[in-house]
Every structure is written in structure tokens, then in C-alpha cells.
Amino acid sequence: MTKESDMDSRSGKFAGDSPFEIAQRWLSEAEQTEPNDPNAIALSTVDAEGLPNVRMVLLKDIEADGFVFYTNYGSAKAAEIEAAGKAAFVMHWKSLRRQVRVRGLVEKEDGSQADDYFASRSLKSRLGAWASKQSQPLSSRGALMAEVAKVTATKGTNPPRPPFWGGFRIRPLEVEFWADGEFRLHDRFVWRRAALDADWTVTRLNP
């Protein structure tokens, strides 16, 4: 259920019964116009001192109640996510002049869904996942390639998903949709809920 706190009815690009429906439609449209990686998101976390970190990752699934991406669980982003239990991201498409901002709680996706996604990746990407100690110091590119060769020899042509690699699901408490407007009078609608089992409230924001 949603509650419209804005007197204007949402229509056109902003129409939809859930923020996930709208986000998926916008992503599908971006796939037709963006030259590269339309599913790229700038993922934001904070470290133990509260200092923000941000990096680009690829969003792999928009579900009925969450956004899923995959990474090495030994990475800096994974450590910060697990410590805080929260994350945010923005997805921006220059070709559409739109963006989606998401803030929410995070849970691991470490089961069969992660297995299936890992198996769908190219062999070199799967071997690379085994070889990389993500975010850790690396002496040289040659050392990394030597580790890839070692993993290739030991893991074969169908390596399983590493125990240190899997997904995270962001279950949002807030999703904002932004579309460019003339003279910087942009259109913004934010979906908010107080808890994951609460109803959404939709509000139009000033640009």
C-alpha cells in the first residue's frame, strides 16, 4: 500500500505501484540508450570512524523488495556494510537525464541465488574472483596474474562459488526518483517507509 502525500498525481515516467517497478522500468529504458553499463551504481558505505566511502559496482537484480549486487566478502565495502548494516546508492543515466537514489538496510544473499549468478559469469571472471584478495595490498600485476594461473590449474573449467564471494541485498527505506527539468526545475518523487513491513508514502520534492 502507498499513501500519496503530494496533491499531484504521478503519471508518465513516475507512474507505478512500487518503487521497484519504476526502477526496473527506468533501467530497462536505459539499457536501450546508455553506451556502457546501464546497471552501474555508485555504492556508498561508511567506515568505523563514519568516514564515507563510494565506488562503482554493477547492480545485478531488482527484486520485488530489494536491489542485489555481488562482491568479495573480504572487500572494504563488504566489511563496512556488515558493520553498519546499511548502505546507499545512486544510479544515474546521462542519456535519460534521470537518477534513482536508494537508502536502506542490507542483508547477505549467500545461497542458491548467488550460486546461480556466479555460475552464469564467464570462466575468466569466476577464476578472477578466486584469485583476487579484493581491497588487500598487491605487490604487482604479475603477482595477480600468477595467482590467476595457479587458480586455473587447481579449480579447472567449472570453479564453484568461493565461500568469500556472494551477494548483498539492499532493502530500501527510501527511494527517490529524479528527472531533469527545464531551467533546473527538476521533478523529484521520494518513496519512504518507516520500516521494511510498513506502507510507502510518496512525496513530491522541490528541485
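In this text the structure is predicted, and so the values were computed from the model without any measurement. The residues of the chain are indexed from 1 along the displayed sequence.
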Nearest non-hydrogen partners of L43 and A87, listed with the distance: CD1-CB, 4.2 Å
Separation of L105 CG from I81 CD1 (nearest 0.5 Å): 12.0 Å
Side-chain touch R126/N158, heavy atoms, less than 4.5 angstrom: yes
L173 vs R192 side-chain heavy atoms within contact, under 4.5 Å: no
Neighbour count >12 (heavy atoms, 6.0 Å) for atom NZ, K86: no
Distance, nearest 0.5 Å, that separates CG of D65 from CZ of R171: 4.5 Å
Cluster check F189, F20: I/L/V/M/F/W/Y, side chain < 4.5 angstrom: yes
Interatomic distance, L51 atom CG to T45 atom OG1 [nearest 0.5 angstrom]: 9.5 Å
Shortest non-hydrogen contact between A129 and R121, atoms and distance: CB-NH1, 3.9 Å
Pairs touching residues 136-152 that satisfy side-chain hydrogen bond (donor to acceptor under 3.5 Å, both in side chains), sequence neighbours left out: none
All salt bridge (Lys or Arg N to Asp or Glu O under 4.0 Å) counterparts of E63, not counting sequence neighbours: R169
Nearest-0.5 Å distance that lies between atom CD in E21 and atom CD1 in I62: 11.5 Å
Ring centers of F118, Y70 separated by less than 6.0 Å: no
V100 with V106, same ILVMFWY side-chain cluster at under 4.5 Å: yes
Salt bridge (charged side-chain N to carboxylate O under 4.0 Å, His left out) evaluation trace for D187 with K13: CA-CA 10 Å; D187 287 308; K13 64 176 72 74; 5.6 Å; no
Nearest atoms (heavy-atom pairs only) where A76 meets S135: N-OG, 3.1 Å
4.5 Å side-chain heavy-atom contact, L127 and P159: yes
Polar side-chain atom of S122 near backbone of S125 as donor-acceptor pair, under 3.5 Å: yes
Gap separating the CG atom of L59 from the CG atom of D37, nearest 0.5 angstrom: 11.5 Å
Derivation and outcome, salt bridge (charged side-chain N to carboxylate O under 4.0 Å, His left out), residues E174 and R193: CA-CA 7 Å; E174 182 176 306; R193 56 185 176 180; over 6 Å; no
Heavy-atom closest contact (G66 atom, P172 atom, distance): CA-CD, 4.4 Å
Closest heavy-atom pair and its distance - I22, A15: CG1-O, 3.4 Å
Closest approach of R161 to G111 (non-hydrogen atoms, all atoms of both residues): NH2-O, 3.7 Å
N53 vs V46, side chain to side chain contact (heavy atoms under 4.5 Å, CB included): CA-CA, chis, key distance, verdict: CA-CA 6 Å; N53 249 330; V46 294; over 6 Å; no
Residues that Q134 engages under side chain to side chain contact (heavy atoms under 4.5 Å, CB included), provided they are two or more places apart: T71, N72, S75, K77, S132
Check: F168 ring centre within less than 6.0 Å of Y73 ring centre: yes
Test item: side-chain donor near acceptor, R103 and S44, under 3.5 Å: no
Pair listing, ring-ring contact (aromatic ring centres under 6.0 Å, His included) test, anchored in residues 126-158, at least two apart: W130-F164
Verdict with supporting geometry, N39 and E31, side chain to side chain contact (heavy atoms under 4.5 Å, CB included): CA-CA 8 Å; N39 60 328; E31 288 171 347; 5.8 Å; no
Pairing residues for L205 by the side chain to side chain contact (heavy atoms under 4.5 Å, CB included) criterion, not counting sequence neighbours: E176, R188, V190, T203
pair I170-V102: side-chain heavy atoms closer than 4.5 Å: yes
Donor-acceptor contact present, side-chain H186 to main-chain D180, <3.5 Å: no
Any side-chain heavy-atom pair of W200 and P19 under 4.5 Å: yes
same_hphob_cluster(V68, L27) at 4.5 Å side-chain heavy-atom cutoff: no
W26 reachable from W178 in the ILVMFWY side-chain graph, under 4.5 Å edges: no
Gap separating the CD atom of Q24 from the CD atom of E29, nearest 0.5 angstrom: 10.5 Å
ILVMFWY cluster, W191 and F67 together (side-chain gap under 4.5 Å): yes
Return a table of donor-acceptor pairs under 3.5 angstrom between the side chains of residues 89-97 and protein atoms on other chains or two or more places apart.
residue: W93; atom: NE1; partner: P38; partner atom: O; Å: 2.7
residue: S95; atom: OG; partner: T33; partner atom: OG1; Å: 2.7
residue: S95; atom: OG; partner: E34; partner atom: OE2; Å: 2.4

